[in-house]
Amino acid sequence: MTDEQYVDGLYSEDQDLIRTKQGIAERGMPDISIADGYGRLLTMLAKMNGAKTALEIGALGGYSGICIARGLAEGGLLTSLELKAEYAEVAKVHMTEAGLGDVVEYRIGDARESLVKLQEEGRKFDFFFIDADKEGYPLYLEHAIALSNPGAVIIGDNILLRGRTTDPAKEGPSVKAVRSFNQQIASDERLMSTVLPGYDGLAIAIVK
Ligand SMILES: C[S@@+](CC[C@H](N)C(=O)[O-])C[C@H]1O[C@@H](n2cnc3c(N)ncnc32)[C@H](O)[C@@H]1O
């Protein structure tokens, strides 16, 4: 048993999240939702921050969306960016089944374009979850900072890329982008941050 499996075993089953994972599997979608322990952390960080507005980049089937929306303050809204319309539809079904359908809006298409549009609209957010194509991470981080309210939380998932990030033989575009993202998370003077190495790695930053 891994340490992560031990820790996950401490928690009782969460029917909304189990149903969501089943729905993702039944539709043949990839099994790449956030790890259970980090899902719980998303809820806690959103709550601790008193977040009312959240932006998620990469919806898949709504697992992380449920976790984030659960932590938002009363009347809060999660804006979720997703490349594939069919994935956003599935995510919406799962959010609705979890009683959170009214808490989320989806923007379909490449996040690069959706993020520019959100900036043009003057939108600001208290909480960000970056979990889409890894090559986009450095750009998504810049957009998140530009769209942030003071004190906003920015989280990036899979920053270890299952060992590829730390493997010097790996030099592909996703690996390079994630290394650059991690460097910026650690050294950008606009941020206060930490990086958790459990599961597949999670970067957590606060905009000063
Ligand atoms: C790792 S999955 C997201 C998992 C989800 N956050 C969760 O934990 O439940 C990545 C998602 O990002 C989406 N995606 C990939 N490239 C994208 C892009 N350029 N713009 C928006 N979404 C993108 C994929 O379609 C996929 O649904």
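Just so it is clear, the values below take in all heavy atoms, side chains as well, and ignore hydrogens, waters and symmetry mates. We're numbering straight along the sequence, starting at 1. Each ligand, and each atom within it, is numbered from 1 in the order the structure gives.
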| field | Neighbour count above 12 (heavy atom, 6.0 Å) for K124 NZ | value | yes
| query | Just how far is it from atom CZ of F128 to atom CD1 of I68, taken to the nearest 0.5 Å? | reply | 11.5 Å
| field | Under the ring pair (Phe, Tyr, Trp, His ring centres under 6.0 Å) test, residues paired with Y87 that sit two or more places apart | value | none
| query | What distance separates L141 CG from D188 CG, expressed to the nearest 0.5 Å? | reply | 7.0 Å
| field | Qualifying residue, where the test is side-chain hydrogen bond (donor to acceptor under 3.5 Å, both in side chains) with T79 and the options are R123, R107, E56 | value | R123
Which N or O atoms of ligand 1 sit under 3.5 Å from a protein N or O, and how far apart is each pair?
| from | atom 1 | to | atom 2 | distance (Å) |
| --- | --- | --- | --- | --- |
| ligand 1 | 6 (N) | G58 | O | 2.8 |
| ligand 1 | 6 (N) | S64 | OG | 2.8 |
| ligand 1 | 6 (N) | D131 | OD2 | 2.8 |
| ligand 1 | 8 (O) | I34 | N | 2.8 |
| ligand 1 | 8 (O) | S64 | OG | 3.3 |
| ligand 1 | 8 (O) | D131 | OD2 | 3.4 |
| ligand 1 | 9 (O) | S64 | N | 3.0 |
| ligand 1 | 9 (O) | S64 | OG | 3.3 |
| ligand 1 | 16 (N) | D133 | OD1 | 3.3 |
| ligand 1 | 19 (N) | D110 | OD1 | 3.1 |
| ligand 1 | 19 (N) | R112 | NH1 | 3.3 |
| ligand 1 | 19 (N) | D133 | OD1 | 3.1 |
| ligand 1 | 19 (N) | Y140 | OH | 3.4 |
| ligand 1 | 20 (N) | A111 | N | 2.8 |
| ligand 1 | 22 (N) | L83 | N | 3.1 |
| ligand 1 | 25 (O) | E82 | OE2 | 2.6 |
| ligand 1 | 27 (O) | L60 | N | 3.2 |
| ligand 1 | 27 (O) | E82 | OE1 | 2.7 |
| ligand 1 | 27 (O) | E82 | OE2 | 3.3 |

| task | Tell me whether the guanidinium CZ or amine NZ of K92 lies under 6.0 angstrom from the six-membered ring centre of Y106 and within 45° of its axis. | result | no
